[in-house]
J.: 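Before I ask anything, here is the structure I am working with.
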Amino acid sequence: MNTADVVFNIQRFSLHDGPGIRTTVFLKGCSMRCFWCHNPEGQHPEPELRYFPERCIACGQCVLSCPNHAHEMHDGTHAFLRENCELSGLCVETCFSRALQMEGRAMTVAQVMDEVLSDKAFYESSGGGVTLSGGEPALSKDFAREILEACKVHRLHTAIETCGEVPWASLEALLPFTDLIMMDIKHLDESKHQRATGQPNDRILSNARRLASSGKTIIVRTPIVPSVNDTEEEIIQIATFVRELITLRTSAHQNGNGEIRYELLAFHKLAAGKYPSLGLEYKAHDIEPPTKEKMTSLLNAARRCGIEASLR
Amino acid sequence: MMGSESKELTFTERIDMLRATKMRHTEEKWRELGCFDMDDLPIMLPPPESRKVVRVVSGSGLLIVDAMFKEFTPKTNHPSGGIFGARDCGENFRTLIDLHPPYIDPMSSLAGGYMAHFSAYRQPAWNPDFDFSPLHEDHEKYKLHHGIGAVQHFCQDEAIGLTLGWGGILANIHHYRTVNLDEEAQELYDGLEHMVLGIQNWIARHAAAAAEMAKHEEHPQLRQNLTELASMNDHLVNHPPRTFREACQWMLYYQLAGKMYNMGGSLGRVDQFLFPFYQEDKKRGILTDEEAIFHLACHFIMDTSYTQLGGPDASGKDTTNALSFLVLEAAHRLKVPVNVGVSVGKDVDPKLLRRGVEILFEDRTGIPKFLGVDRTSEGFARNGLPIELGRQRAYSGCHWCAIPGREYTVNDCVKVNMAAVFEVAMKDMMSDRSIKPSVDALWRCFEKHLRRSVETIAKSLDFHMDHMYRVFPELHLDLLCYGPIEKGRDASHGGVEFYNLCVDAAGLATVADSFAAVEQRVEREKRMTWDELMHFLDTNWEGEAGERTRRMMKAVPRYGSGGSRADTFGVNVAQTFTKIVKEKPTPHGFNMIPGIFSWAANIAMGKDVDSTPNGRLSKSPISHGPNPDPGFRKDAAPTALAIAVASVQPGYGNTAPMQIELDPGLSKSDEDIEKVVALIRTHFEMGGTQINMNILNKKAILEAQKDPTLHPDLVVRVTGFSAYFASLSPEMRQIVVDRIIAEE
């Protein structure tokens with residue numbers, strides 16, 4: 001319970017990360033760099049300083065507190081010099097207008113469980129539980145496994161959301177304590193996948209096949225991002241792969257096991273505001289979310305492949 | 001009315017037209033009276049030629065703007081110009097109702113509407129001969145809502161009237177007048193008789209007006225409706241109702257008369273007392289469910305009083321029936337502010353809760369609300385009264401229940417503003433140089449002043465109980481209670497069986513967060529001295545340093561965040577308040593029951609309190625009911641809110657309702673509905689007592705905040721009551737907005 005890693009959010013009453021009322025624990029650090037990422041604060045594995053200039057009241061306390069000269073005041077206006085910041089966090093402690101915030105903090109398994117167990121009664125009454133998300137939770141293998149194991153001691157339903165781009169051993173270590181796996185497959189074409197996410201997809205597809213053979217309930221998800229994967233052809237390729245996973249599952253487990261489903265998610269731009277606060281550039285400005293009609297036609301294309309699919 | 005068209009109108013079309021008429025009346029009120037942070041009272045304005053606009057004190061003690069009939073000049077019986085005592089209140093009320101024009105909408109299956117609040121005419125409200133100036137100092141010091149002069153806020157048993165009819169009630173008055181010969185009884189009978197005769201005359205005039213309108217109505221269906229109204233009302237002048245529709249009509253007159261007399265008239269368990277009529281009509285084949293829904297809708301469009309659906313009978317058996325679902329359906333079809341509470345409990349039909357949540361999702365009007373009937377029944381028994389009585393208590397007001405016809409309560413009328421008490425404690429500690437300032441010392445001062453304020457309330461309640469019957473007796477509610485007529489005593493003066501007087505606390509989060517902020521910043525971190533803190537409070541956090549300090553105090557983990565010191569203080573404050581209220585009854589022996597509820601008065605109570613150490617600005621609203629302040633957690637988790645509110649329940653049968661706004665992104669899927677059902681159930685299992693829930697249309701709310709006229713029909717559950725968003729004051733609208741867009 002003393003294992004620690006960096007958590008950037010614990011969201012209670014989380015309703016879209018598995019069945020029932022859940023708590024989603026967001027672990028920091030991801031192996032991919034999808035340019036539209038909805039949780040860019042989860043990419044970097046270490047804590048990061050976020051700066052919201054619109055909240056700054058120019059009190060100047062950060063300038064006084066920072067040993068590395070990362071803050072300056074010019075004519076009553078505050079400037080943050082990110083390149084000087086060494087994450088001492090001292091400025092955050094003096095910034096009560098919350099213009100400076102530390103994203104992510106090291107937490108022990110015990111601390112996470114303390115928060116998670118607050119809502120145990122709600123999990124029990126709703127068939128909910130705990131979801132590990134990120135970032136990529138399997139990158140924090142030991143931490144993630146210990147949280148899931150502790151959840152199982154309390155008989156909680158568990159789920160992970162994974163991008164799949166991790167060594168198989170990392171995923172495999174979580175399986176004994178995981179009831180539901182939600183896994184992204186963003187593209188079947190390796191070079192397009194590489195361009196969109198910064199990583200190839202061979203290990204992801206291989207991990208997906210191994211997961212299919214494991215018998216766990218799997219929801220394969222594709223975020224529909226115009227210019228990346230919003231053609232029927234591209235979705236049919238992924239849906240066909242999902243059908244292959246189902247076949248694999250059936251041959252590995254004749255008596256049936258957890259189901260494998262497919263979900264399409266629409267890209268949205270709600271995360272655009274997060275990027276500047278992290279000193280990152282948002283590269284999806286010019287992309288518009290797919291229309292309802294588009295999502296429905298892609299869903300129908302997926303269903304024509306003979307698999308159970310839905311929009312989320 | 002409809003020219004020569006004779007197309008059969010559907011119930012839906014008629015409801016649409018009734019709703020449009022109500023909207024026209026409401027918009028006229030906005031123009032004439034401005035905003036009002038209270039129930040959507042379905043009063044209509046008197047005709048323009050008879051109208052004058054005045055400022056008066058409402059039944060809940062707030063200053064409101066009202067419209068009056070120019071023609072009515074009350075006959076005072078006191079040098080102050082007031083009207084006091086049963087006889088004169090009854091006589092004046094009768095004069096008012098006698099000149100009140102009948103109101104008939106041919107679209108409605110029920111006649112009646114009201115245009116006057118008698119209370120507006122009887123000023124001053126309190127008889128100055130009954131002097132409570134010895135209590136003034138403490139009333140003012142602690143800014144108490146002391147309850148002296150409180151009216152209604154208990155529940156009649158409508159079944160009495162539905163059984164007896166007006167003629168039967170009058171006969172009872174005549175009979176008992178010959179039994180109880182003392183002066184108090186005789187005066188009460190005079191007042192009650194005026195009340196009944198006035199109502200009977202009013203009904204008879206509706207019957208005549210309907211008959212007259214029928215003569216000129218060209219639309220056959222509406223002509224038929226008016227003819228039926230004429231005949232039905234003619235019957236109801238003296239006789240009890242025979243059918244479901246007549247029962248609804250009887251109930252509507254009773255409710256409207258109550259609204260007119262002292263804004264009273266809670267409904268209680270409408271699915272119980274109307275059920276025999278429903279069953280009988282169904283058996284005779286003279287009523288369809290669609291007709292029943294329509295009659296109920298015609299009632300609710302004119303009377304938004306509070307009603308409970310389902311819940312236990314005295315033995316604990318659930319009473320949910322077919323009519324419970326039809327009442328819910330009527331509210332669903334109307335989509336106007338209606339105060340329907342759905343019972344939730346171990347043995348209550350789960351389909352009722354499920355249907356309630358579905359409607360909440362679909363309509364997004366904050367209707368229905370949810371009642372934790374097991375917790376309130378069990379809690380009531382802790383007063384040393386049988387749990388059977390607790391189960392019979394009916395939800396009948398913003399946050400409150402009462403045993404129909406048998407219990408006097410002054411519910412929701414008595415408030416201890418704990419933020420004001422905290423302010424007194426703080427100043428007391430700092431001005432006493434023999435005390436070394438500390439959080440412990442502050443707590444002791446707070447407890448001392450909290451006790452003193454509850455003792456002042458107790459004395460005030462005794463004073464109220466001593467004199468109210470001679471000031472403004474409950475002539476309307478007395479008619480349908482067990483005892484007032486039989487004993488010749490007003491309900492406020494021994495007429496009913498049980499006296500359980502409500503004492504609510506307000507400002508819980510303001511106080512809990514203030515203690516936590518002082519403890520962390522002053523005592524533990526030593527960021528400022530006590531004197532420096534007092535300077536910031538005295539100067540309302542002025543200047544750059546003040547603003548920065550204010551934000552520092554606000555940044556301390558708050559009540560509701562879970563496991564924080566403020567959470568502990570929240571529980572301690574609630575338990576201490578409860579302990580003090582339950583230590584002893586009033587000096588005259590009346591039982592007091594603690595609750596935590598500010599109603600919409602958290603704005604007015606905030607104006608009575610200067611800056612507080614939780615970073616609150618001077619005169620701004622105090623926290624709402626038992627809720628944490630908005631921004632209590634980054635994720636604003638409803639589960640965290642539910643846990644916090646469940647942890648501060650006083651537990652003696654009166655409530656501390658959770659006000660909750662849910663993510664507008666929730667879908668209407670089975671899965672999301674079940675998640676909300678689970679949230680509701682779990683809160684009640686943890687000890688919660690009531691839930692006011694909104695699934696809001698965020699976009700519409702934000703647009704309406706800028707320009708209310710963009711969404712005149714947007715309905716929200718503000719607190720215990722639901723109302724048109726556009727009716728609310730800018731401050732109250734901002735409170736609703738803050739709840740949904742708490743700072744990230």
Side-chain angles (χ1 to χ4, degrees), chain A residues 8-26 41 50 52 54-62 64 76 92-101 103 105 111 114-129 268 270 273-274 277 310-312, chain B residues 350 517 521 525 527 541 543-556 560-564 567 615 631 633-644 646-647 660 662-663 665-667 669-688 743-744:
Chain A
F8 69 93
N9 192 12
I10 296 182
Q11 170 77 47
R12 284 161 64 179
F13 200 68
S14 174
L15 300 180
H16 303 298
D17 299 311
I21 295 174
R22 309 187 73 78
T23 294
T24 303
V25 182
F26 293 87
E41 70 275 39
R50 293 180 73 176
F52 301 89
E54 67 280 5
R55 294 186 187 166
C56 178
I57 57 169
C59 67
Q61 292 296 315
C62 52
L64 301 175
V92 174
E93 287 172 26
T94 68
C95 183
F96 300 115
S97 61
R98 303 180 72 229
L100 294 162
Q101 293 180 30
E103 190 64 68
R105 66 180 175 115
Q111 286 171 320
D114 210 29
E115 182 80 20
V116 156
L117 288 173
S118 305
D119 281 354
K120 190 171 183 221
F122 296 97
Y123 312 144
E124 285 169 353
S125 64
S126 69
H268 61 72
L270 297 176
K274 295 179 178 178
S277 70
S310 57
L311 297 180
R312 220 211 60 195
Chain B
R521 300 302 194 200
E525 297 173 359
R527 300 219 187 211
W541 316 98
E544 202 176 279
E547 178 58 17
R548 190 173 166 275
T549 308
R550 188 177 81 81
R551 287 172 190 243
M552 180 172 79
M553 301 304 265
K554 269 179 91 82
V556 169
S561 58
S564 70
D567 283 290
R633 272 178 68 92
K634 189 178 170 192
D635 62 5
T639 49
L641 171 65
I643 290 169
S647 76
I660 182 166
L662 286 182
D663 180 358
L666 283 167
S667 69
S669 68
D670 260 14
E671 204 186 328
D672 280 0
I673 288 171
E674 282 305 318
K675 286 171 186 173
V676 173
V677 164
L679 176 70
I680 292 169
R681 279 200 182 284
T682 311
H683 176 62
F684 290 146
E685 278 158 18
M686 289 175 161
E743 188 187 3
E744 270 188 13

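Proteins come first, then strands; the chains are lettered A, B, ... in the order of their sequence lines, and each starts at number 1. Only heavy atoms go into these numbers, but all of them, side chains included; no hydrogens, no water, no symmetry mates.
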J.: Looking at every heavy atom in both A/Arg12 and B/Ala637, which two are closest together, and how far apart are they?
T.: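 Scanning both residues, the minimum pair turns out to be CB-CB, 3.6 Å.
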J.: If we only count heavy atoms from C-beta on, is the A/Ile57 to B/Arg551 side-chain gap below 4.5 Å?
T.: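 Heavy-atom side-chain distance check passes, below 4.5 Å.
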J.: If you look at every heavy atom in B/Met686 and A/Ala121, which pair is closest and at what distance?
T.: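 Nearest heavy atoms, B/Met686 then A/Ala121: CE-CB, 3.9 Å.
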J.: Heavy atoms, side chains only, cut-off 4.5 Å: are B/Thr682 and A/Ile21 in contact?
T.: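 With C-beta onward as the side chain, the pair stays apart.
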J.: Do B/Arg681 and A/Phe122 have side chains that get closer than 4.5 Å, going by heavy atoms?
T.: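 Heavy-atom side-chain distance check fails, nothing below 4.5 Å.
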J.: Below 4.5 Å from any heavy atom of chain A, which atoms of B/Ala678 appear? Answer side chain, backbone, both or neither.
T.: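 Backbone plus side chain of B/Ala678, per the 4.5 Å heavy-atom cut-off to chain A.
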J.: Between A/Leu15 and chain B, which part of the residue has a heavy atom less than 4.5 Å away: side chain, backbone, both or neither?
T.: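 When you check distances to chain B, atoms from both the backbone and side chain of A/Leu15 fall under 4.5 Å.
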J.: Please classify the contact between A/Thr94 and chain B as side chain, backbone, both or neither, with a heavy-atom cut-off of under 4.5 Å.
T.: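 It is both, since atoms from each part get that close.
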J.: Output the distance between atom CZ (B/Arg521) and atom CZ (A/Phe96), rounded to the nearest 0.5 Å.
T.: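 Atom-to-atom, B/Arg521:CZ and A/Phe96:CZ are 4.5 Å apart.
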J.: Distance check, rounded to the nearest 0.5 Å: A/Ser125 atom OG versus B/Glu674 atom CD?
T.: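 Here the interatomic distance stands at 10.5 Å.
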J.: Go through B/Ala555, B/Ala545, B/Ala642, B/Pro638 and name the one with the most non-hydrogen pairs under 4.5 angstrom from chain A.
T.: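 Of the candidates given, the most pairs with chain A belong to B/Pro638.
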J.: Please round to the nearest 0.5 Å and tell me the distance separating atom CD of B/Glu671 and atom OG of A/Ser126.
T.: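 Rounded to the nearest 0.5 Å, the CD-OG separation comes to 10.0 Å.
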J.: Under a 4.5 Å heavy-atom cut-off, does chain A meet the side chain of B/Arg548, its backbone, both or neither?
T.: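 Looking at B/Arg548, backbone and side chain both touch chain A.
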J.: Going by an N to O cut-off under 4.0 Å, is there a salt bridge joining A/Glu115 and B/Arg633?
T.: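 B/Arg633 and A/Glu115: salt-bridged.
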J.: Considering only heavy atoms from C-beta outward, does the side chain of B/Asp635 approach that of A/Phe13 to under 4.5 Å?
T.: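 Answer no - side chains too far apart.
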J.: Roughly how far, to the nearest 0.5 Å, is CD of A/Gln101 from NZ of B/Lys634?
T.: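 Here the interatomic distance stands at 6.0 Å.
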J.: With chain A, which of B/Met553, B/Glu547, B/Arg527 has the greatest number of heavy-atom pairs at distances under 4.5 Å?
T.: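 Max contact count across the listed options: B/Arg527.
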J.: Does B/Asp672 form a side-chain contact (heavy atoms from CB on, under 4.5 Å) with A/His16? I'd like the steps, not just the answer.
T.: CA-CA 9 Å; B/Asp672 280 0; A/His16 303 298; 4.2 Å; yes
